[in-house]
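Working notes, beginning with the structure itself.
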Amino acid sequence: MTEMMNSGIELMLIGMGIVFVFLALLIVMVKIIASIIQRFFPEQPVSATSPASASTSHTDANVIAAISVAVHQYRNKHKGTGKE
Amino acid sequence: MTEMMNSGIELMLIGMGIVFVFLALLIVMVKIIASIIQRFFPEQPVSATSPASASTSHTDANVIAAISVAVHQYRNKHKGTGKE
Amino acid sequence: MTEMMNSGIELMLIGMGIVFVFLALLIVMVKIIASIIQRFFPEQPVSATSPASASTSHTDANVIAAISVAVHQYRNKHKGTGKE
Amino acid sequence: MDNLIALWESTGLYNFTGPQVIMMLVGFLLLYLAIKKGFEPLLLLPIGFGAVLSNIPIAGIAEEGGILHYLYFGIKSGIFPLLIFMGVGAMTDFGPMLANPKTLFLGAAAQFGIFATLLGALALNLIPGMEFSLQDAAAIAIIGGADGPTAIYVASKLAPDLLGPIAVAAYSYMALVPLIQPPIMRALTTEDERKIEMQQLRVVSQTEKIIFPLMLLTLSALLLPSAAPLVGMFCLGNLMNSCGVVERLSKTAQNELINIVTIFLGLAVGSKLSADAFLKAETLGILALGAIAFCIGTACGVIMAKIMNKFSDTPINPLIGAAGVSAVPMAARVANKVGLESNPHNFLLMHAMGPNVAGVIGSAVAAGVLLSLV
Amino acid sequence: MDNLIALWESTGLYNFTGPQVIMMLVGFLLLYLAIKKGFEPLLLLPIGFGAVLSNIPIAGIAEEGGILHYLYFGIKSGIFPLLIFMGVGAMTDFGPMLANPKTLFLGAAAQFGIFATLLGALALNLIPGMEFSLQDAAAIAIIGGADGPTAIYVASKLAPDLLGPIAVAAYSYMALVPLIQPPIMRALTTEDERKIEMQQLRVVSQTEKIIFPLMLLTLSALLLPSAAPLVGMFCLGNLMNSCGVVERLSKTAQNELINIVTIFLGLAVGSKLSADAFLKAETLGILALGAIAFCIGTACGVIMAKIMNKFSDTPINPLIGAAGVSAVPMAARVANKVGLESNPHNFLLMHAMGPNVAGVIGSAVAAGVLLSLV
Amino acid sequence: MDNLIALWESTGLYNFTGPQVIMMLVGFLLLYLAIKKGFEPLLLLPIGFGAVLSNIPIAGIAEEGGILHYLYFGIKSGIFPLLIFMGVGAMTDFGPMLANPKTLFLGAAAQFGIFATLLGALALNLIPGMEFSLQDAAAIAIIGGADGPTAIYVASKLAPDLLGPIAVAAYSYMALVPLIQPPIMRALTTEDERKIEMQQLRVVSQTEKIIFPLMLLTLSALLLPSAAPLVGMFCLGNLMNSCGVVERLSKTAQNELINIVTIFLGLAVGSKLSADAFLKAETLGILALGAIAFCIGTACGVIMAKIMNKFSDTPINPLIGAAGVSAVPMAARVANKVGLESNPHNFLLMHAMGPNVAGVIGSAVAAGVLLSLV
Ligand code: NA
Ligand code: NA
Ligand code: NA
C-alpha cells in the first residue's frame with residue numbers, strides 16, 4: 001500500500017516534470033520558429049474583411065431582404081432533400 | 001413432413017399472436033404517453049409557415065425571378081464542383 | 001539471368017500484344033454499339049445552354065451584383081459552419 | 001509458346017462454365033431492371049454488379065482473398081443490415097403513426113403474408129426437387145415483410161445459402177409494389193370505401209417522437225429480445241433524428257454511412273448469387289412464394305382496415321391497409337394513388353404513412369419470432 | 001404449448017436480472033442527460049443507447065457475434081479514439097496559442113488534476129470495497145485531462161474493465177464544466193484580476209501553423225514516443241487542415257469520418273456499461289475522483305495564471321488559466337463568460353483558446369507518461 | 001531514480017537509430033513536396049505522415065497492435081486500392097473516348113513504358129547490390145502505368161516489400177508529369193504537327209456511356225480475368241455515375257468514401273517506408289526506372305499518334321498521344337498546354353481526355369497480364 005503510494009508520488013513528480021519540460025521546450029521552439037519566419041519569410045497577413053462585403057452597401061435594402069429570403073428558402077429546401 | 005407442417009402452423013399462430021399482442025401493447029402505451037404529455041407537458045405546436053415566406057410578397061417579381069436564377073445557377077455550379 | 005531476361009522479353013511481347021488486342025477489340029465494340037444506338041435508338045442530345053441563363057439578361061445589373069454578393073456570402077458562411 | 005498457352009488457359013473464354021454465364025446474365029438482367037426499369041436501383045445495381053463480378057472465373061473476386069469475400073463479413077456479422085436499418089430509422093417519421101396509433105393494427109395484419117408464406121414454403125416440399133428446411137422456410141417467409149434489411153438480416157442468420165435469391169426477391173417485389181398491389185386493393189374494396197376521406201391528423205409533439213423509439217425498444221427488450229438488435233438499431237437511428245441534438249450524427253447515418261454500407265451490402269449480396277446457390281428449382285419456389293407473400297400481406301392489410309372501419313368512430317379508408325406491408329414509402333404512395341383515382345380530392349398519403357411504418361415494426365417483430373423459435 | 005413455454009422462457013421478462021434492469025435505467029439516464037440536459041449529446045447519446053442495448057438479456061448484442069462486440073474492436077485496437085483525435089486535430093486552430101505561446105504553461109499546470117487524482121485513487125484503496133491497481137488509478141486519473149478520446153485511449157490500454165465508467169465520467173464532467181469551474185475561478189481570483197484586459201493577439205502566419213504540428217510530433221517522437229500515437233494522429237488532422245492543400249481530406253476528417261466513428265465509439269463504450277463492470281463501489285469512487293480531478297485542474301490553471309501575471313510584462317487575466325484543463329471549447333467559453341461578468345467589454349475567448357488547446361497537448365503528454373511508466 | 005532511468009531509456013533520443021532518423025527525414029521531405037510543391041498532396045501528405053509515424057521508435061505505430069498495422073490490412077486485402085479505383089471510375093467521363101474510340105490505341109501504345117521498364121529492372125540485376133526477381137520487376141514496371149491505385153494493387157500482390165518506394169515513385173512522377181512530358185513531346189513533334197487542330201467531338205448518348213463499362217467488364221471477364229477486380233471496380237464506379245439512377249451512391253463513392261480510404265491508404269503506404277525496406281540500393285533503381293517508364297510511355301504515345309495521324313482521315317495532333325500514359329487529368333492538361341504554345345486557338349483538352357482515360361484502361365489490362373503471368 002505505502003509502496004504503491006510512493007510509486008504514485010514519484011509518478012506525480014516525474015509526470016508533472018515531464019509535462020512542464022515538454023511544454024516549456026515547445027514554447028522555446030515556437031518562439032524560435034516565429035522569429036525565424038518573421039525575420040526571413042515575412043508573410044502579408046490577409047485582412048479579414050472581404051471586398052465583397054464593401055460592395056453590398058450599394059444595393060438597396062429591398063433587394064437584400066429578397067435575397068436573404070431566397071437564400072433562406074434555398075437553404076431550407078437544401079436541407080429538406082436530405083442529400084447533402 | 002406433416003410434423004414440419006404442424007410446426008409451421010403452430011409458428012404461424014404464435015407468430016401472428018405475438019405480432020398482434022406486441023403492436024396492441026404499443027398502441028396502448030402510445031395512447032397513455034400521448035395523454036400524459038398532453039395533460040402535463042403541453043407543447044405549442046410550431047406553425048409550418050415560416051415568417052420568411054410572408055415577407056416575400058413585398059419584393060417585386062423581377063427580383064424574385066433574378067434570385068431564382070441566381071440560386072439555380074449557384075446550385076448547378078455547386079453540383080458541378082462535385083465536392084459537396 | 002539471361003533466362004530471366006528471356007522471360008522478360010517474352011512477357012513484354014505478350015503483354016503489349018494483349019494490351020493492343022484488348023483495346024482494338026474495345027474499339028470495334030464501341031463502334032458497333034455506337035452505330036446500333038445511332039440507328040435504332042437515337043437520342044436527342046440535350047443542349048448545354050440552360051433556359052435559365054437566357055432569362056438572366058432581363059434582370060438589371062444591380063440586382064445581379066447583389067445576388068452574386070449574397071450567394072458569395074452564403075457560400076462563405078456555408079463553408080464557415082464546417083458542417084457540409 | 002508455353003506462356004501463350006498458359007495465357008489462353010487463364011482466359012475467361014477457356015474457363016467459363018455454363019452456369020457462370022447464366023449467372024452473369026442474371027446479373028446483367030438485374031442491372032437492366034435497376035437502371036432502365038427503376039427497380040430499387042440503390043440496391044439492385046450493386047447486387048447485380050456483385051453477381052457479375054462474383055461469377056467471373058479465375059478472378060476469384062468472391063472467394064477467399066477477394067474483395068467481395070471480405071465485404072461479405074459485414075453481412076455474416078449482421079453489421080451491414082443493422083447499420084442500414086439504423087439509417088432507415090433516422091429517415092423514418094413516426095408522426096403520422098403516433099397521431100393515429102390504431103393504424104399499428106394494419107401493420108400487424110399485413111404480417112400474415114410472412115407466416116402464410118412460411119406454410120407455403122413447407123408445402124412446396126411436396127414438389128420433387130424442392131427441399132426447404134424450417135429455417136429455409138422462415139428465411140423465405142420474411143420476404144413477405146417487404147423490408148430489405150430485415151430480410152437480409154434474417155436470411156443471413158437462418159439460411160445464408162438462400163441469401164442471394166431472398167434479397168433479390170425482396171427488393172424486386174418492393175419495386176413491383178405499384179403493379180402488385182392495386183388490383184388486389186381494387187378487388188377487395190368497393191368504390192364507396194375507396195372514396196372515404198379521413199380526418200386530418202393531429203400535430204404530434206417532439207416529446208412523443210423522442211419517447212416512442214425508447215418505448216418500442218423497451219417493449220422489445222421485455223417481450224422479444226431476439227428482435228432487439230433490429231428494433232434497437234432502428235430506434236437508435238430514429239432517436240438520433242427526432243431528438244434534434246445530434247443532427248451531425250443523424251445526417252451522417254442517413255447519408256454517407258448508409259450510402260457506403262449500401263454499396264458494400266449490395267456487392268456482398270451479389271456475391272451470393274453464385275450458380276450453385278441460384279440455379280436450383282428452389283429459386284423458382286422462392287420467387288413464386290415472394291410474390292404470394294406480398295399479395296397475402298396486401299390483402300390482409302386491406303381486410304383488416306375494412307374490419308376496423310366498421311368498428312371505428314372515425315372513418316378509415318381500407319386502401320391504407322395495403323400500406324401495412326411496409327415497403328416504405330412506395331406502398332403508402334400506391335394507397336394515395338389508388339385513392340385519388342376514386343376521389344381526386346382525397347389525399348391518403350399521410351394517413352397511409354402510419355400503417356407503412358407500422359409495417360416496418362411489425363416485420364421486425366415477426367423476424368424476432370422467427371429468429372427465436374426456428 | 002411447448003413452443004409457448006419456450007417463447008416465455010425467451011422473453012426479457014423471464015430473463016432480466018436486477019442489475020441488468022438497473023444498467024438499462026443508467027442508459028436511459030444518460031439519454032435523458034444527453035437529450036434534455038444537453039450533456040455532450042454527440043457522445044452520451046450513443047453511449048447511453050449502447051448501455052441499453054448491451055443489457056438486454058438473450059439478445060447478446062454486446063456478446064461474441066453481436067454488433068457491439070464487433071464495434072468494440074475499434075476501441076480495443078485504439079483505432080476509434082485515434083481517428084476521433086485526428087478529426088479534433090483538424091478542427092483545432094493553434095493560432096491563438098502560437099500568438100501567445102506562454103499560455104502553454106497554463107495547459108501544463110492544469111494537468112496537475114491528473115496526477116493529484118492518481119494519488120487520490122490510490123488513497124481510496126484505504127476504503128474497504130475499493131481496490132484500484134496502479135493501472136486502474138492511472139486510467140481514472142486521465143479523466144482529469146478533460147479530453148474524451150485521450151481518456152478512452154488510455155483506459156482501453158491500462159484498464160479496459162473501467163472503460164465504461166471512465167468514459168461516462170469524462171464526458172459528463174466535460175458537460176458540467178460551466179457548473180464546476182466558475183465557483184473555483186471566482187474563489188481564487190479578485191474582482192480586479194478578473195477585470196484584466198489582455199493585449200490583442202498578433203496574426204499568426206500560415207507557415208507557423210503548418211510547422212507547429214510537425215514540430216510537436218517531432219518533440220513527442222524524441223522525448224515521449226509513448227504519446228506519439230495520440231499526438232501524431234492529432235497533428236495529422238491539424239496539418240491536413242492548416243496546410244490548405246488537402247481540403248477534401250480535412251473536411252472528411254472533420255465531418256463524415258468523425259461522425260461515423262463517433263456513433264461506433266459511443267455504442268462500443270456503452271457496451272462496456274455492463275452490470276458486472278459498473279455496479280461496484282469503484283464506480284462511485286471513479287465519479288467522485290473525476291469531479292475532484294476537474295476541480296484541481298481548474299484551480300491549478302488559475303493559480304498558474306496568477307503567478308504568470310505577476311512576472312509577465314503583458315497582463316494575463318487569471319481566468320484564462322481555467323481553460324487549461326482542455327474541454328475544448330467549453331472551458332474557453334466559461335472563461336469568457338466569467339470575465340464578462342466583471343468587465344462587460346472584456347472578451348477573453350480568443351485568449352482562453354490558447355491554454356485550451358495547450359490543455360489538449362498537455363493531457364496527451366500526461367497520457368504518454370502514464371502509458372510509458374505504469 | 002530508477003523511474004527516471006526507465007524514462008530516459010524509453011525516450012526517442014535514447015532509441016532512435018540512424019536509419020529511422022533518415023526515414024523520418026524522407027517523410028518530412030514528402031510532406032514538403034506535398035504541401036509546398038503541390039506534388040499530389042492528397043496522397044503524398046498521408047504517405048509522408050505515415051512514414052514519419054512508422055519510424056518513431058518504441059511507439060510501434062506500424063507494428064502489431066499499432067493503428068498503421070491495422071490499416072495496412074486494407075492494402076494487403078486489396079480493398080483500399082479497389083475502392084479508390086471505384087471512386088476514380090465514378091469521376092471518369094468516357095465521353096471523349098467514346099466519341100473518338102481510336103484514341104484507345106494511344107492508351108495502348110503508352111503502356112510500352114511498363115514493359116520496357118520491366119526489362120530495365122531485370123537488366124539492373126547486372127549492377128552489384130541490385131537484386132530484382134521477376135515479381136519485383138513487374139511491380140516496379142507498373143509505375144509506368146501512371147496510375148496510383150493500379151500500382152499499389154499490383155505491388156501489394158507481387159512485391160509487398162517494395163510497396164513503399166513504388167507508391168512514392170508512382171505519385172511523385174505523376175506530380176512531375178508537367179515537367180517530364182513537355183521536352184519529350186517537343187522533341188518528337190514538328191511545329192506543324194503541334195499546330196494540328198482536331199475536329200470537334202460528337203455528342204455521346206447516355207446509353208453508350210451506360211453500356212461501355214459493362215462491355216469493358218465483359219471483355220475483361222472473357223479475355224483477362226486477372227484484371228477483372230481492377231477493371232470491375234472501376235466500371236462499377238463509372239456505371240454508378242453514368243446511369244443516373246444512383247446519384248447518392250455515386251456522390252458518396254466520389255467524395256466521402258474515396259476521401260476516407262485515401263487517408264487510410266496513404267497512412268498504410270507510409271507504414272511501408274521503413275528503413276529496412278527503403279534504404280537500399282534497389283530504391284534508387286526503382287526511382288530511376290520510374291522516371292524512365294514515364295519517359296518511354298510518353299514517347300510511345302506521341303509516336304503512335306504520329307503514325308495514326310499519317311493513316312487517319314481526320315487529323316490527329318500527336319501531342320494528345322502523350323496523354324495515353326494516364327495520370328488523369330494532368331497529362332491531358334499538359335497536352336493542351338503544349339498545344340496552346342504553338343497555336344493559341346487550339347484547345348486539345350477534350351481530345352486528350354480520350355487517350356487519357358484509355359491509358360487507365362490500358363494500364364489495368366497490363367496489370368492483369370502481369371498478375372496472371374508473373
Ligand atoms: Na413489413
Ligand atoms: Na487536458
Ligand atoms: Na496508364
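Residue numbers start from 1 in every chain, and the chains themselves are labelled A, B, ... in the order their sequence lines are given, proteins ahead of strands. Atoms considered below: every heavy atom in the structure, side chains included; atoms not considered: hydrogens, waters and symmetry mates.
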Just checking heavy atoms, which of residues 217-229 of chain F are less than 4.5 Å from chain D?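 Under the 4.5 Å heavy-atom cut-off, F/Leu217, F/Thr218, F/Ala221, F/Leu222, F/Leu223, F/Pro225, F/Ala228, F/Pro229 qualify.
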Contact leader toward chain F among D/Leu42, D/Leu71, D/Ile58, where contacts are heavy-atom pairs under 4.5 Å: D/Leu42
Greatest number of heavy atom pairs closer than 4.5 Å to chain D - which of F/Leu83, F/Leu371, F/Leu239: F/Leu239
Highest number of heavy-atom pairs under 4.5 Å with chain D: which of F/Val246, F/Leu249, F/Ile260, F/Leu257? F/Leu249
Which answer fits [X], side chain, backbone, both or neither, if we ask what part of it has an atom under 4.5 Å from a heavy atom of chain F?
{"X": "D/Phe28", "result": "side chain"}
{"X": "D/Leu53", "result": "side chain"}
{"X": "D/Phe264", "result": "side chain"}
{"X": "D/Ile35", "result": "both"}
{"X": "D/Thr262", "result": "side chain"}
{"X": "D/Leu68", "result": "neither"}

Whether the side chain of D/Ser326 engages the backbone of D/Gly145 through a donor-acceptor N/O pair (distance < 3.5 Å, no angle test) should be reported.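 Yes, the answer is positive, given that a donor and an acceptor are paired below the 3.5 Å cut-off.
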If I compare all heavy atoms of [X] with all of [Y], which pair ends up nearest, and what's the gap?
{"X": "D/Val325", "Y": "D/Ala331", "value": "CG2-CB, 4.2 Å"}
{"X": "F/Val88", "Y": "F/Thr92", "value": "O-OG1, 2.7 Å"}
{"X": "D/Met24", "Y": "D/Phe16", "value": "SD-CZ, 3.2 Å"}

Which residues share a side chain to side chain donor-acceptor pair (under 3.5 Å) with D/Thr17, sequence neighbours left out: D/Gln20
